[in-house]
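One structure below.
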Amino acid sequence: MVTFEPRWQAALDGLCERVLQIRAAVAERWPYHCDPVTGIWDTTDDGDWCGGHWVECLRIVGELAGDRRLLDESIERTERLRAYLERDDMFRGHRFYYSAARQFAWTGERKFRTLALAAAWSVRSMAIPANGAMPIGTQVQVRSTQLSGRDKVCVDNVHPNLILDWWALRETGDEAFAEGARRHLDVTWRDFIREDGSTLEFIDYDVRTGQGLRHYTLLGAHDDSCWSRGQAWAIAGYLRAWEALRDERYLAIGRRLLDYWVRNSDANGIPPWDFMDPARKTDPQSVPDDTSAAAVVVEQLARMALLRDVPSTASATTVYLKPMIDGLLEHMIPDDSNPQKSSGILSDGCFNQPKRYANRSELIWGTAYLLFTLYYLKTGRIIE
């Protein structure tokens, strides 16, 4: 078991307070990222791709604080997301796992189970029949990006597209969820992961034959680079697949991806926004880090650290958990009134470096994944 350290408690307290501050700042809207200079939150009217993350932030803080208002708001916002059930968008997985599925686990209300299962089947139906790859969808929603289609697959998809598969498999026992997830995991292993453990970002497929047509990047430095948040989703996705299926192949792939990450990040596992940005050699100070990418990886490592009776190959993977948490905490801004206290602001998240959009900012999903991590480790449990 991982010992929950006093420094982590201070960070958890800061994150909970920060969620309350964000809630006051955004009111009925949904937080996205915060300008590090003005302190003003950029918001959306529907949660964009990460609305479910905000729902779970509210639920967790409501639970820890015993605040019924926050718990009720998390329920109300889950209902607001219901309107997007039929949106042809890969991020329905995240949207409804972190809202409906977690609300069912917490409240026991069957309507949330029904909603999460409806989302799971809707996402599962997106698969390209010829090869089983999970596409981004024709209505995929990510602010600052303009790309969509049932022929386009990204490395991220082993996480947002499959996260409801694991929940629905456990909830129903229907092997269609495992079989579909395996097909996508195998295509990603074959087509997206290089020999050295780095990853491509996008591939377009011929939907009739299932053959790849071209690879490219949307958020990376160049078409053959390795965007670190994509790498993070791949690490977390394969380790989550191992967690669900205990298939040693997925653990081996996840470890291989993680090894590349560790070799190419700083000493505490905080990565540059793109591992292959040419500026890392010529002007390293100009290259942003991405703490949100590290938070994605840390959340999955925390899940694994709580598992019982796992092989040494799995428990050895969590050796990176403590240094990576501590690395993230080094990017948390102290409270001005008390330098020993965390403000709960996780800085240095990089959303879209090619467009210089929120590229050195506080990102709501970075906050969420670090909050999830410390919540798991504090309580010793994962709400599913």
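In this text the structure is predicted, and so the values were computed from the model without any measurement. Note: hydrogens, waters and symmetry copies are ignored here, and every other heavy atom, side chains too, is used.
Residues passing the side chain to side chain donor-acceptor pair (under 3.5 Å) test with Thr199, sequence neighbours excluded: Gln231. In this structure Trp189 satisfies the ring-ring contact (aromatic ring centres under 6.0 Å, His included) test with no other residue, sequence neighbours excluded. For Arg308, the side chain to side chain contact (heavy atoms under 4.5 Å, CB included) partners two or more places apart in sequence, or in a different chain, are Met1.
Between Leu346 and Leu328, the shortest heavy-atom contact is CD1-O, 3.6 Å. The two residues Glu201 and Gly220 come nearest to each other via the heavy atoms OE1-N, 3.5 Å.
Not a single donor-acceptor pair under 3.5 Å links the side chain of Thr78 to the backbone N or O of Ala100.
Residues Gln353 and Asn359 bring a donor and an acceptor atom of their side chains to less than 3.5 Å of each other. With hydrogens and angles left out, the side-chain atoms of Glu299 and Tyr376 include a donor and acceptor closer than 3.5 Å. Between the side chains of Arg59 and Gln103, not a single donor N or O lies within less than 3.5 Å of an accepting N or O. The closest side-chain donor-acceptor pair between Tyr375 and Glu63 falls under 3.5 angstrom.
Figure legend: Arg182 and Tyr238 shown without cation-pi pairing, the cationic atom not lying both under 6.0 angstrom from the six-membered ring centre and within 45 degrees of its axis. Both tests do not hold together for Arg255 against Trp242: distance to the six-membered ring centre under 6.0 Å, angle to the ring axis within 45°. Relative to the six-membered ring of Trp49, Arg95 misses at least one condition, a distance below 6.0 Å or an angle of at most 45° to the axis. For the pair Arg143 and Tyr32, the cation-pi criterion (under 6.0 Å, within 45° of the ring axis) is fulfilled. A cation-pi geometry, defined here as NZ or CZ lying under 6.0 Å from the six-membered ring centre and within 45° of its normal, does not hold between Arg190 and Phe192.
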Original post:
Going through the checks in order, is the side chain to side chain donor-acceptor pair (under 3.5 Å) test met by Trp365 and Ser292?
Top reply: CA-CA 7 Å; Trp365 55 93; Ser292 77; 3.1 Å; yes
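Aromatic pair Trp233/His94: centroids less than 6.0 angstrom apart.
Using cut-offs of 30° and 60° on the angle between ring planes, the pair Phe177 and Trp121 is tilted.
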